[in-house]
Amino acid sequence: MPPLLHAEQLTSIRAERCLFAGLSFAVSGGELLQVVGQNGSGKSTLLGILAGLASPDEGQVYYQQQALTTHREAFYQDLLFLGHKAAVKASLSALENVALQRQLDCGDSQPAPTEQDWDNLAQLDLLGLEELPAAQLSAGQQRRIALCRLWSSPAKVWILDEPFTALDQAGIELLHQRIDQHLAAGGCVVLTSHQPLLWQPQNYRTLTLQAQGVA
Amino acid sequence: MKLSSLSLIMWVIRRDLRVANRQRSEWLNPLIFLLMVITLFPLGVGPGEQILSRIAPGIIWVAALLSGLLGLDRLLREDYEDGSLEQLVLQPVSLSMTGLGKIVAHWLLSGLPLVILAPLFGLLLSVPVSAWWVLTLSLLLGTPMISALGAIGAALTLQARRSGTLVSLILLPLLIPLLIFATSAIEAAAMGLPANGQLAIIAAMSVLALTLSPLAMAAAIRMSIR
């Protein structure tokens, strides 16, 4: 089976430091790729490049064998990117945030909260907090609001930057189950995390970024 | 399928208005500043009708420009800091569409109130009643240009902290033509002359700004985001 997402010879240089050079890898449906490395080794930069937020200094990213630079739109139809900034509006309530995210992710122009939004809130243990402005919730709860997207979005490719940050044990467990479901349904996941995963998905690989010298 | 261009524009506008509704002071402050400037002038230069109506067009438009610039930093800053802007860049729709949505939302919060308040400004500064209509029209046609050019400035200065002064320095020279034509339109109307020419030029400048600035804004956002 051809890979969903693959990268060829990626090189990235930031502030005269070579983060990585000649990096090639592929992720197929059902696979989980964990990017590991020290602080500042370029994990977030790599994820940004995969998502097309930044361009590599050399090399190319392909989605379904087509270069990202020319087939951006097809890729973005299938992409869910969760950066370490959660994209949660601090002045809006959890319910409003979840409804807005769903509209954006599912192309659903129905602005009112739906049954599904409530289910997702319940799933992530946010019931009872849905009317409070997100600014009044804890970091972990805000993270959970952002994670609701994983339950509502139909995207095939998930790119998650530090998804476990600020989550409690139960939250991490929930996320594990959801990632497993997604993999079983043929999706792929690329994530960064400092902790080793607490469970073993079937198709699991790690990619280690080594800090390199001055370019 | 994710949202199409038009529904994405509507999504952005609806979301921005909703956020603004929660943070009223953010967009009310520039308006209150504007009202204060306009009420203070008659006290400062004296209530003589002749002087006031002579300088009124200039005061109204200078105050409108300054209040427009005051709120600009808010246009993209919050989206940039909480990560929403990243998500908007990752939509399968051209980023300039999203930019257009941001511009329209900003205009609804900063430009439209001025249009509605125009007769009040006219009353406070003794603009002849015959010129109120042109005053309102000049604000209606001209303020979209402030939002459109302002959006470019806001996008260019995303990475600069405390970018307020910088944005003003970039934008004020670009807005001077608007100031000249808008005041001349109101002066002409106050003297009973037709102001169609000036208004048509203002409209043309606004249309040009609205068409081209989303493109420039999209390019500037892409540069700032990483």
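Chain letters run A, B, ... following the sequence lines, proteins first, then strands; residues in each count from 1. Just the heavy atoms: all of them, side chains too, but no hydrogens, waters or symmetry mates, feed the values below.
Heavy atoms closer than 4.5 Å to chain A are found in the side chain of B:L8, but not in its backbone. Looking at A:A86, the atoms closer than 4.5 Å to chain B (heavy atoms on both sides) all sit in the backbone: N, CA, C or O. Both the backbone and the side chain of B:L90 come within less than 4.5 Å of a heavy atom of chain A. Neither the backbone nor the side chain of A:R102 comes within contact range of chain B; no heavy atom of the residue lies under 4.5 Å from a heavy atom of that chain. With a 4.5 angstrom heavy-atom cutoff, B:N21 does not touch chain A via any of its atoms. Contacts of B:E81 with chain A are made by backbone atoms alone, with heavy-atom separations under 4.5 Å and no side-chain atom involved. For B:R14, the part lying under 4.5 angstrom from a heavy atom of chain A is the side chain only.
Side-chain N or O atoms of B:Q87 include none that pairs as donor or acceptor with a backbone N or O of B:G83 at under 3.5 Å.
Taking A:A54, A:A87, A:G83 one by one and counting their heavy-atom pairs under 4.5 Å with chain B, the maximum is reached by A:A87. Listed options B:I225, B:V19, B:V93 were ranked by heavy-atom pairs under 4.5 angstrom with chain A; first place goes to B:V19. Of all the listed residues (A:T45, A:L92, A:D78), the one sharing the greatest number of non-hydrogen pairs under 4.5 Å with chain B is A:L92. In terms of heavy-atom pairs under 4.5 angstrom with chain B, the leader among A:E73, A:H84, A:R72 is A:E73. Ranked by heavy-atom pairs under 4.5 Å with chain A, the list B:K2, B:M1, B:M10 is led by B:K2.
The residues A:R143 and A:E162 are annotated as not salt-bridged, no charged nitrogen and carboxylate oxygen being separated by less than 4.0 angstrom. Salt bridge annotation for A:D161-A:K43: absent, with no cationic side-chain nitrogen under 4.0 angstrom from a carboxylate oxygen. By the 4.0 Å N-to-carboxylate-O rule, A:R144 lies close enough to A:D168 to be salt-bridged with it. A salt bridge links B:E78 with A:K89: at least one charged nitrogen is closer than 4.0 Å to a carboxylate oxygen.
When only modelled atom types and interatomic distance are considered, B:Q23 and B:R74 share a side-chain donor-acceptor pair under 3.5 Å.
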Set out, in order, the CA-CA distance, both residues' side-chain angles and the distance that settles salt bridge (Lys or Arg N to Asp or Glu O under 4.0 Å) for B:R15 and B:D79, then state yes or no. CA-CA 11 Å; B:R15 188 201 60 174; B:D79 278 358; 2.7 Å; yes
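Here A:Y76 and A:H71 keep their ring centres 6.0 angstrom or further from each other.
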